[in-house]
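Take a look at the structure set out below.
The sequence lines fix the lettering, A, B, ..., with proteins before strands; numbering per chain opens at 1.
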Amino acid sequence: MTMKVKKAKLDKKQIEVIFAYLFLLPNLVGFLIFTLLPVFTSLLLSFVEYKGLSLSWPPNVNFVGLANFIELLGFNKEAGAIVANDPLFWKYLWNTIFLMVGIPFSMAGALILALLLNKKQKGIVVFRTIFFLPTMCQTVAVALLWLWIYNYDYGIINTFIRNLGDLFNLNLEGVHWLNAEWIKPSMIIATTWTYLGGTNMILYLAALQNIPKALYEAAEIDGASSFQKFWAVTWPMISPTTFFIAVMSVIGGFQGGFMFAYIFAKGGPHGASTTLMYYIFENFFTWHNFGYACTIAWFMFVLIFGATLINWRYGGKLVHYT
Amino acid sequence: MNKDTIALSKLNVLGRKKPGEKVSVGYYVVLTLVAAFMIIPLVWMISTSLKDPADVFVYPPKWIPDYHYIIEDGKKVEISIQGENCEIEYITGVLKGTKETVAKTNIDVKWRNPWSPWDKIRLVNTSKNRDFPRWDEVKVLGGVVTLETISQKNGIYEYKTKEINVDKVYRGVKPVWKNYSTVIEVMPFMRFYWNSFIVSLAVTLGQVLTSAMAAYSFSRLNFPGRDKLFLGYLATMMIPYAVILVPVYILMNWLDWVDTYKALIIPGMFSAYGTFMLRQFFMTIPVDLEDAAKIDGCNFLRIFWNIILPLSKPALATLTVFTLLGSWMGFMWPLIVTNSVSMKTLPVGLAYFQDTGFGTQYELLMAGAFMAIIPLVIIFMFTQRFFVEGIKMSGLKG
């Protein structure tokens, strides 16, 4: 009797394991083929020279050791001056970091929108929908729209600037939004507009709604002004969210800028809008420089990993949790 | 109300006034201004998409697509001011702030469409004298438009000219719907739609199903190596997409999947993030429910299908909506794996549309762009709740 029960139990466990693997199988196979295998292949590729159109099997590759990484990150002496092996890479890294200048602005904007929406008023949902609308639009369509908005002669921003100039009797001609000097700020503005009322605003809204009302009531009894209430209650209470959004934005920022750069000027003019992601795309898709593309991608991974580590290490310390 | 109650209500002890709920007109003004900032570019998109090509490049921009007409025998007759069959003979006007009358021939009209006498005309003072403002405005007094019409009667062409005073020409609203049909004619737009639809649907179905199954396995079933495997899933979530881009493309090429639906769909059907998200949600479902079902003799498939999935509707809906959105908007991967026009998805199709000589035909580009955003906006209107909840969920885990 006892033996039988034990055997039946064992069978049940075996059935569970079989079921578990069956349920896991489709996802696991996909995961192995389209994520894990490519990750290791990519790591290998970053140490080889793999150029040219031929993708025939077996691939025509040369193992070059760290040469790709030295090319990417190294410096050499040229006529007494220290020059980067790949000056383009540093330029594009700078572009990528420059585009992140928009992060604080878009975060502040998202917070302001969330503060505006955090009132139980009629019609708030309509406003929330409107704020969220650009995030929901097909992003390439949005980029085309901004391309048109930035048009020097007939775009609405330059029209507005000229009208403003007329009002004050100034002769304002407008800005060449898509030239080398202005394209990065233009991308920042377009990106900020697109995502201002999106994810970050909703996250802030959720954080604001989680603040206990009692804290505000206590502050009011102490005679705090709205401004003081914000600094003493709201700001510390939402700081975990702020930190989370900041880290996520930085991680996104390292990988960002591709789509707007592609639609606006194909990474130009003269590489002014080329970001790391675009450089990877160019190496891979345009120049078929597969090994080097992987090398840049792994460098990008290191940047993102760094940001994630900072999140883990300081995420709980720099911010106020209750 | 006596003094004490007033004091009490100020302290908010009575709870009559809730904090943070006092609003003023200024509050709504600010809200409306922000809403305008968000919506004006979209209005500009729609406005441009309904314009006559000749009206796209005019300064200042027109917000409402219009046309000009005269009234002949009590009927509206459309005339073209910018076409070949019309010419403006002269315009007279008075300079803003002066009594000086100017005629068109004497002035250098800049920025404005010179054939549009109905707007105030902006002049450029070409003299280098900086004491004068360079811009000036002219109020149009009148002028004569010469219309040339060619008509055909019994094979005989008749050429007529007619002079009309500017005052007798009127403006009406006329959206050019033809732009939309032109876009569909010059670009296989419906095919792009179809591709996007098929790809998004297949990716979403695949991802939600495989993620839910794996998540059930990870959260509810015991098998050797479970936690290590899950850790492996978690570890890959940090790896940027760019890292695996090249190897996956090489794989697609090796399998000869490039430029097929397989390349667009299959690599997108598996998601570590989706698995992670659903696993976290499944963990919150009480195990008691399943134990009861087990006693009733339900197998794992039935527990998964009849208990876990119905209880996880919010999480499943969120994942569905996010995956749908992500794959509908996906740009880089479809750009890389599609070569032929007929395989392009909507975003890549739009970019291709821009690249193939339509890059400056903004009325067509905007019509295409607007067509591309409509399905998403409609989906969003109905599923807004899931977006908001989903975003909140993703934020809490961080």
Side-chain angles (χ1 to χ4, degrees), chain A residues 16-17 19-21 23-24 26-27 30-31 34-35 38-39 41-42 45 55 57 116 119-121 127 130-131 134 136-141 144-145 148-149 154 156 159 166 169 171 197 199 202-203 206 216-217 220-221 244 255 258-259 263 277 280 284-285 290 293-294 297 300-301 304 308, chain B residues 11-12 19-21 23 31 34-35 38-39 41 44-45 48 57 59-61 133-135 210 213-214 216-217 221-223 236 238-240 242-244 246-248 250 253-254 267 269-270 272 275 300 329 331-332 336 347 350-351 354 362 365 369 372-373 376-377 380 388 391-392 395 398:
Chain A
E16 189 174 335
V17 170
F19 256 107
Y21 282 126
F23 267 73
L24 199 58
N27 197 306
F31 175 74
F34 297 113
T35 305
V39 167
T41 316
S42 177
L45 281 175
L55 283 164
W57 197 262
L116 283 172
K119 298 192 182 208
K120 287 196 178 90
Q121 292 297 318
F127 282 108
I130 292 172
F131 294 171
M136 287 306 303
C137 293
Q138 178 60 264
T139 41
V140 173
L144 288 174
L145 167 65
W148 175 219
I149 286 173
Y154 307 102
I156 46 174
T159 303
D166 287 357
N169 263 335
N171 182 32
T199 316
I202 303 283
L203 287 175
Y216 288 110
E217 283 161 16
E220 268 182 17
I221 288 167
F244 174 72
Q255 305 177 64
F258 174 74
M259 200 268 308
I263 299 290
M277 195 67 193
I280 292 171
F284 159 41
F285 195 69
F290 301 118
C294 287
M300 185 195 264
F301 166 75
I304 289 168
T308 315
Chain B
L11 284 171
N12 201 43
E21 304 236 334
V23 290
L31 262 188
V34 179
M38 302 311 268
I39 227 156
W44 176 236
M45 176 194 269
T48 307
F57 296 113
Y59 187 89
R134 277 183 68 202
W135 294 105
T210 58
M213 283 166 69
Y216 176 61
S217 209
L221 305 177
N222 283 308
F223 58 91
T236 57
M238 248 185 327
I239 291 172
V243 164
I244 61 169
V246 174
V248 177
I250 292 172
N253 200 68
W254 184 53
M269 282 171 73
F270 315 96
T275 311
F300 294 111
M329 292 205 184
F331 179 57
M332 201 173 184
I336 286 167
L350 269 180
Q354 180 205 8
Y362 287 104
L365 277 182
I373 69 173
L376 271 184
V377 169
F380 170 62
V388 174
I391 292 165
K392 284 178 183 173

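- Residue contact with chain B, scored on non-hydrogen atoms closer than 4.5 Å, involves the side chain of A/Thr308 exclusively.
- The shortest non-hydrogen separation linking B/Ile244 to A/Thr35 is CG2-O, 3.9 Å.
- Contact record, B/Pro247 with A/Thr41: CB-CB, 3.9 Å, taken as the closest heavy-atom pair.
- For A/Phe127, the part lying near chain B is the side chain, with the backbone staying farther off; criterion is any non-hydrogen pair under 4.5 Å.
- Chain B forms more heavy-atom pairs under 4.5 Å with one residue of A/Thr139, A/Ile280, A/Ile263 than with any other, namely A/Ile263.
- Nearest heavy-atom pair across A/Met136 and B/Met329 is O-CE, 3.5 Å.
- In this structure, the portions of A/Leu144 lying under 4.5 Å from any heavy atom of chain B include both its backbone and its side chain.
- Both the backbone and the side chain of B/Met45 come within contact range of chain A, judged by heavy atoms closer than 4.5 Å.
- The part of A/Ile304 that comes within reach of chain B is its side chain, from C-beta onward, which places non-hydrogen atoms under 4.5 angstrom from that chain.
- The two residues B/Met38 and A/Gly197 have their closest heavy-atom pair at CE-N, 4.0 Å.
- Put simply, the side chain of A/Phe31 reaches to within 4.5 Å of the side chain of B/Thr236, judged on heavy atoms.
- Using a 4.5 Å cut-off between heavy atoms, A/Phe19 contacts chain B through both its backbone and its side chain.
- Ring geometry for B/Phe270 versus A/Phe34: interplanar angle under 30°, hence parallel rather than tilted (30 to 60°).
- When all heavy atoms of B/Val243 and A/Ala297 are compared, the pair lying nearest together is CG2-O, 3.5 Å.
- Atom CH2 of A/Trp148 sits about 10.0 Å away from atom CG of B/Leu365, to the nearest 0.5 Å.
- Contact annotation for A/Leu45: only side-chain heavy atoms (C-beta onward) come within less than 4.5 Å of a heavy atom of chain B.
- Residue A/Phe301 touches chain B through both its backbone and its side chain, counting heavy-atom pairs closer than 4.5 Å.
- Chosen from B/Ala369, B/Ser217, B/Ala351, the residue pairing most often with chain A at heavy-atom distances under 4.5 Å is B/Ser217.
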Before you tell me yes or no, could you show the steps for B/Phe331 and A/Val140 under side-chain contact (heavy atoms from CB on, under 4.5 Å), namely the whole-Å CA-CA distance, both residues' side-chain angles and the distance that decides it to 0.1 Å? CA-CA 8 Å; B/Phe331 179 57; A/Val140 173; 3.6 Å; yes
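- The candidate with the highest count of non-hydrogen atom pairs below 4.5 Å against chain A, out of B/Ile39, B/Val248, B/Val34, is B/Val34.
- Residues B/Met213 and A/Phe23 approach most closely at CB-O, 3.4 Å, considering heavy atoms.
- Contact annotation for A/Phe131: both backbone and side-chain heavy atoms come within less than 4.5 Å of a heavy atom of chain B.
- In this structure, chain B has heavy atoms under 4.5 Å from both the backbone and the side chain of A/Glu16.
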